[in-house]
**Q** 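Mind having a look at this structure? Questions to follow.
Along the sequence shown, residues carry numbers from 1. All values reported here derive from a predicted model rather than from experimental measurement.
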Amino acid sequence: MRKDGISTRFAYFSLAGNKYPLTVMGLHLLDRTGCIKELSLNREILTNFLMTIEESYHDNPYHNALHATDVAISMYHWLKQVPFKNNFDLVGIFASILSAIVHDVKHPGTNNPFQISFQTELATCYNDIAVLENMHIAETWRLLRAPEFRGLLKGVGDEQQTYFRDLTVHSILATDPSVHAKHLSDLKSSLEEDRDLPTRDWDRETQLLMVGMALHTADLGNPTKPLDQCKKWAGLVHEEFNMQGDLERKAGKKISPNCDKKTVHKPTCQAGFMDYIIKPLFETWGQVLEAGDALANLAENRAYWGR
């Protein structure tokens with residue numbers, strides 16, 4: 001157990017019986033980082049905001065408040081490392097943790113291609129572009145600008161509020177799977193052009209790239225968790241995928257990749273996800289931050305699914 005009370009083997013699922021796991025953990029992380037004290041955040045407003053966000057998460061098998069809790073903790077572990085400590089002030093830390101907390105708020109349990117195929121109201125509202133990610137951002141800022149929560153950012157100056165909003169928008173948009181390849185390529189190019197990137201000061205463009213990659217890796221990090229957690233998360237992911245596939249089958253639509261419970265082989269699906277998405281992502285991210293434990297877990301989990 002680390003001195004901050006959160007181990008790298010944190011038992012996320014032990015929080016499932018807590019009525020507000022995301023709120024409790026969010027307050028803890030913002031306390032541990034000093035954001036509440038140093039930014040003079042109103043604890044009552046913050047608590048009510050976090051509870052409102054948590055209650056806005058749907059009871060999906062996977063995209064729910066417990067997933068957001070997991071992502072927030074993972075984000076916290078990245079933010080504690082030297083490159084972020086050297087380049088992000090407390091406003092940046094606050095924005096980054098909050099982004100992790102809200103990143104899937106009101107997720108309907110179906111993905112962007114589903115929204116577009118079914119011509120949903122969300123797809124119409126966001127013009128088929130990063131439909132869910134734009135919705136998560138809009139819902140968050142609708143609340144932040146509501147009269148009862150507007151005071152949450154009272155201690156953050158106007159210029160810093162612009163910075164705060166930029167970080168939340170860019171980081172949550174970076175969780176859109178359709179931009180994964182581009183952002184990974186951007187990070188690889190940045191590292192090739194500047195081997196000192198992890199140790200030098202980051203300009204605003206680099207900060208936005210890094211906070212986006214931090215949230216993206218935290219969001220996709222289930223295969224890098226200890227095996228017992230990896231298996232549990234994988235089961236929940238496939239349960240939700242199967243539910244989407246059933247809706248598509250019932251509507252006579254083409255069933256989305258990995259969503260057909262009649263044909264998908266979970267071990268093969270997980271192994272492919274690790275080989276083609278997670279391993280390249282974390283190997284590159286490991287050139288910026290220390291990710292040895294994550295990569296070791298990934299190797300163990302890959303061996304398990306490849307048995």
**Q** Donor-acceptor pair, His107 side chain versus Gly109 backbone, under 3.5 Å?
**A** yes
**Q** Would Lys106 and Tyr57 count as a cation-pi pair here, with the cationic atom under 6.0 angstrom from the ring centre and within 45° of the axis?
**A** no
**Q** How long is the gap from CG on Asp201 to CG on Asp196, to the nearest 0.5 Å?
**A** 11.5 Å
**Q** Locate the shortest heavy-atom distance separating Thr52 from Phe149; write the atom from each residue and the value.
**A** OG1-CZ, 3.4 Å
**Q** Quick check: closest heavy atoms across Thr33 and Ile97, and the distance to 0.1 Å?
**A** CG2-CD1, 3.8 Å
**Q** Tell me whether the count of non-hydrogen atoms from other residues, nucleotides or ligands lying under 6.0 Å of NZ in Lys231 goes above 12.
**A** yes
**Q** Where the side chain of Asn242 meets the backbone of Asp260, is there a donor-acceptor pair that is under 3.5 Å apart?
**A** no
**Q** Okay, side chain of Glu239, backbone of Phe241: is any donor-acceptor separation there less than 3.5 Å?
**A** no
**Q** Can you hop from Val169 to Tyr163 via hydrophobic side chains spaced under 4.5 Å?
**A** yes
**Q** If you round to the nearest 0.5 Å, how far is CZ of Arg43 from CG of Asn48?
**A** 12.5 Å
**Q** Quick check: Phe273 with Trp305 (ring centres under 6.0 Å apart)?
**A** no
**Q** Give a yes or no answer on whether the side chain of Gln115 reaches the backbone of Thr120 with a donor-acceptor pair at less than 3.5 Å.
**A** no
**Q** So, Ser190 side chain and Asp186 main chain: donor-acceptor pair closer than 3.5 Å or not?
**A** yes
**Q** Tell me whether the centres of the aromatic rings in Trp78 and Phe84 are closer together than 6.0 Å.
**A** no
**Q** Looking at Lys37 and Asp31, is any side-chain nitrogen of the basic one under 4.0 Å from a carboxylate oxygen of the acidic one?
**A** no
**Q** Donor-acceptor pair, distance only, cut-off 3.5 Å: does the side chain of Trp202 make one with the backbone of Leu197?
**A** yes
**Q** Is a donor from one side chain sitting under 3.5 angstrom from an acceptor on the other, for Thr124 and Gln119?
**A** no
**Q** For Asp203, is the CG atom crowded, meaning more than 12 foreign heavy atoms sit under 6.0 Å from it?
**A** yes
**Q** For a quick test of reading the model, state the closest non-hydrogen atom pair linking Leu153 to Phe164 and the distance between them.
**A** CD2-CZ, 4.0 Å
**Q** So, for Leu152 and Asn42, which heavy atoms are closest and what is the spacing to 0.1 Å?
**A** CD1-O, 4.4 Å
**Q** Hey, is NZ on Lys253 packed in by over 12 heavy atoms from elsewhere, all under 6.0 Å?
**A** yes
**Q** Counting heavy atoms not belonging to Glu283, are there more than 12 under 6.0 Å from its CD?
**A** yes
**Q** Give the C-alpha distance, both sets of side-chain angles, the deciding distance and a yes or no for side-chain hydrogen bond (donor to acceptor under 3.5 Å, both in side chains) between Glu248 and Ser256.
**A** CA-CA 8 Å; Glu248 292 168 330; Ser256 297; 2.6 Å; yes
**Q** Between atom CG of Asn301 and atom CH2 of Trp233, what is the distance when rounded to the nearest 0.5 Å?
**A** 14.0 Å
**Q** Let's go through Asp166 and Gln207 carefully: what are the C-alpha distance in whole Å and the side-chain angles of both, what is the deciding distance for side-chain hydrogen bond (donor to acceptor under 3.5 Å, both in side chains) to 0.1 Å, and is it a yes or a no?
**A** CA-CA 10 Å; Asp166 283 349; Gln207 286 183 341; over 6 Å; no
**Q** Would a distance-only check, ignoring hydrogens and angles, find a side-chain to backbone donor-acceptor pair under 3.5 Å from Asn127 to Ile129?
**A** no
**Q** Assigning hydrophobic clusters by single linkage (Ile, Leu, Val, Met, Phe, Trp, Tyr; side-chain heavy-atom cutoff under 4.5 Å), is Leu66 placed with Tyr20?
**A** no
**Q** What verdict does the salt bridge (Lys or Arg N to Asp or Glu O under 4.0 Å) test give for Asp228 and Lys232, after you've listed the backbone C-alpha separation in whole Å, the side-chain angles of each residue and the deciding distance to 0.1 Å?
**A** CA-CA 6 Å; Asp228 58 335; Lys232 179 71 171 178; over 6 Å; no
**Q** What are the two closest heavy atoms between Asn112 and Leu132, and how far apart are they?
**A** OD1-N, 2.9 Å
**Q** Report yes or no: do His103 and Asp219 form a side-chain donor-acceptor pair below 3.5 Å?
**A** yes
**Q** Between the side chain of Asn111 and the main-chain N/O of Phe114, is any donor-acceptor distance below 3.5 Å?
**A** yes
**Q** Without hydrogens or angle criteria, can the side chains of Lys154 and Ser40 be said to hold a donor-acceptor pair below 3.5 Å?
**A** no
**Q** Where the side chain of Asn64 meets the backbone of Pro61, is there a donor-acceptor pair that is under 3.5 Å apart?
**A** yes
**Q** So how far is it from Ile137 CD1 to Leu144 CG, rounded to the nearest 0.5 Å?
**A** 12.0 Å
**Q** Is there a side-chain hydrogen bond (donor to acceptor under 3.5 Å, both in side chains) between Tyr62 and Asn222? Walk through the geometry before answering.
**A** CA-CA 11 Å; Tyr62 179 77; Asn222 299 336; 2.6 Å; yes
**Q** Please check if the side chain of Glu240 supplies one atom and the backbone of His63 the other of a donor-acceptor pair under 3.5 Å.
**A** yes
**Q** Checking side-chain hydrogen bond (donor to acceptor under 3.5 Å, both in side chains) for the pair Gln270/Tyr304: CA distance, chi angles, key distance, verdict?
**A** CA-CA 10 Å; Gln270 286 297 308; Tyr304 171 82; over 6 Å; no
**Q** Measure across Leu22 and Glu54 and return the closest heavy-atom pair with its distance rounded to 0.1 Å.
**A** N-OE2, 3.0 Å
**Q** Mind telling me whether His180 and His216 have parallel, tilted or perpendicular rings, with 30° and 60° as the class edges?
**A** tilted
